[in-house]
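Below: one structure, written as structure tokens.
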Number of protein chains: 2
Amino acid sequence: MVSKPAPDATRRSEKSRRAIYAAALALVGEVGYPKTTVEAIAARAGVGKQTIYRWWSSKADVLLEAFLDLAEQAARAAGHAPDAIPDTGDLAADLKAVLRATVDELVDPRFEVPSRALAAEGVVNEQLGREFVAKLLEPQLQLYVARLRSAQDTGQVRADVDPRIALELFVSPLAQRWLQRTGPISYDYTDTLVDYALYGIAPR
Amino acid sequence: MVSKPAPDATRRSEKSRRAIYAAALALVGEVGYPKTTVEAIAARAGVGKQTIYRWWSSKADVLLEAFLDLAEQAARAAGHAPDAIPDTGDLAADLKAVLRATVDELVDPRFEVPSRALAAEGVVNEQLGREFVAKLLEPQLQLYVARLRSAQDTGQVRADVDPRIALELFVSPLAQRWLQRTGPISYDYTDTLVDYALYGIAPR
């Protein structure tokens, strides 16, 4: 029999890959980052340890990709591309829509439990924290930078504003309420953040 | 000899109390919250375990008071009362001054190391997180609420603004940069946050 390439093997790989992502996310949520091991991920995913090491060099790498995949799925489920913030020309509306989708994601247990475990580890483990911020969080924040720059071009944001700081006025409050449970999270709340950030809290 | 009350005993108690605070903060920074025990705090402080249980009912209680004490000392070292934000009549200047003092505190290792350990635990341990937010963080946030209300009285903040949300526009970005290391922290940065929050990023 002539050995045929790809289709079956690709499907098998894809299935293993998904099982490994799911196992890694479930484990980190259950036992925390320090106690999550490549062995345990392999056992739970029903694959050999070597399968994991063929594709990734460490548990941090597996988790990084598992989270990238999760974020991409969440973006698609929310009906928007994972790599851009909509630009309808109405900045307030676009930011509110994306933040509402983020609210949905933050309260979804599939996302919340592993994300909390990873965020907690990142607070005390500087190397891991910096890697995950650089590869996961910052690329998402840069989407806001791009959207705010486009708003500067159309005059909806002042030209002297630093977009990288400005985005934190609505992103960071939501992040802190979620991470530290300092207050309830809702669409009303994120809509209000956008209005305050755009127009300021001082009288106009 | 007639037993004389207080002075010596009070001094001794005060010294033990300080040693216990210092031991609790050092330990939580070194080994994390889960591995910090009342036994280890007692041993490091050079007191008996019963001394600790005479004053506190759990390690969470010891740590809570140790952090309250640390925050109070930091506020006094920064030259302001720990229970109010200055009200000179100039809202922007007052907020900038308090946030600059907070920057100093956040980068001081005596504060940073134990605070990170506790914050990380609060992210995954909901009960502890909620207790520390309620007793440590929220009372500090309420000082901003009071200052913003006073600014509403003098017309420096719009009457329809919710002060509890508004304060997050400058407090949460600093908190996230510190907690998640998403960017550098400086006086320029916190000054900018205050300006953006007060006047908005849209043209006036």
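- At a 4.5 Å heavy-atom cutoff, the contact between A:Thr192 and chain B is made by side-chain atoms alone.
- Judged purely by atom type and a 3.5 angstrom limit, B:Arg116 uses its side chain to pair as donor or acceptor with the backbone of A:Val123.
- Counting only heavy atoms from C-beta outward, the side chains of A:Leu179 and B:Gln180 approach each other to under 4.5 Å.
- Contact count versus chain A (heavy atoms, under 4.5 Å) is highest, among B:Tyr189, B:Trp178, B:Phe132, for B:Tyr189.
- Between the side chain of A:Arg158 and the main chain of B:Arg204, no donor-acceptor pair closer than 3.5 Å is present.
- Contact of A:Gln176 with chain B is made through the side chain alone, with heavy-atom distances under 4.5 Å.
- Of the residues considered (B:Leu141, B:Val157, B:Val113, B:Val133), B:Val157 shows the highest number of contacts with chain A, using heavy-atom pairs under 4.5 Å.
- Of the possible polar contacts, one joining the A:Arg181 side chain to the B:Gly122 backbone as a donor-acceptor pair under 3.5 Å is found.
- For CZ of A:Arg110, the number of neighbouring non-hydrogen atoms (other residues, nucleotides, ligands) closer than 6.0 Å is 12 at most.
- Heavy-atom distances place both the backbone and the side chain of A:Val161 under 4.5 Å from chain B.
- Within the 3.5 Å criterion, the main-chain N or O of B:Gly183 finds no donor-acceptor partner in the side chain of A:Arg164.
- Only the side chain of A:Leu137 comes within less than 4.5 Å of a heavy atom of chain B; its backbone N, CA, C and O stay farther away.
- B:Tyr196 places a side-chain N or O within donor-acceptor distance of the main-chain N or O of A:Asp162, the cut-off being under 3.5 Å.
- Considering only heavy-atom pairs separated by less than 4.5 Å from chain B, the leading option among A:Gly129, A:Ala166, A:Gly32, A:Ala159 is A:Ala166.
- Of the listed residues (A:Leu91, A:Asp160, A:Thr182), the one with the most heavy-atom contacts under 4.5 Å to chain B is A:Thr182.
- Only the side chain of A:Leu148 comes within contact range of chain B, judged by heavy atoms closer than 4.5 Å.
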Can you list the steps and then say if A:Ile201 with B:Gln156 is a side-chain contact (heavy atoms from CB on, under 4.5 Å)? CA-CA 8 Å; A:Ile201 63 170; B:Gln156 290 186 296; over 6 Å; no
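- The two atoms that bring A:Pro203 and B:Gly155 nearest to each other are CG-O, 3.2 Å, heavy atoms only.
- No other option in A:Glu121, A:Arg177, A:Glu126, A:Gln152 has as many heavy-atom pairs under 4.5 Å with chain B as A:Glu126.
- Note on B:Leu167, B:Ile165, B:Asp195, B:Leu174: by heavy-atom pairs under 4.5 Å with chain A, the leading option is B:Ile165.
- When every heavy atom of A:Val124 is checked against every heavy atom of B:Ala120, the shortest pair comes out as CG1-CB, 3.6 Å.
- Comparing A:Val171, A:Leu198, A:Leu193 by how many heavy-atom pairs each has under 4.5 Å with chain B, the most go to A:Leu198.
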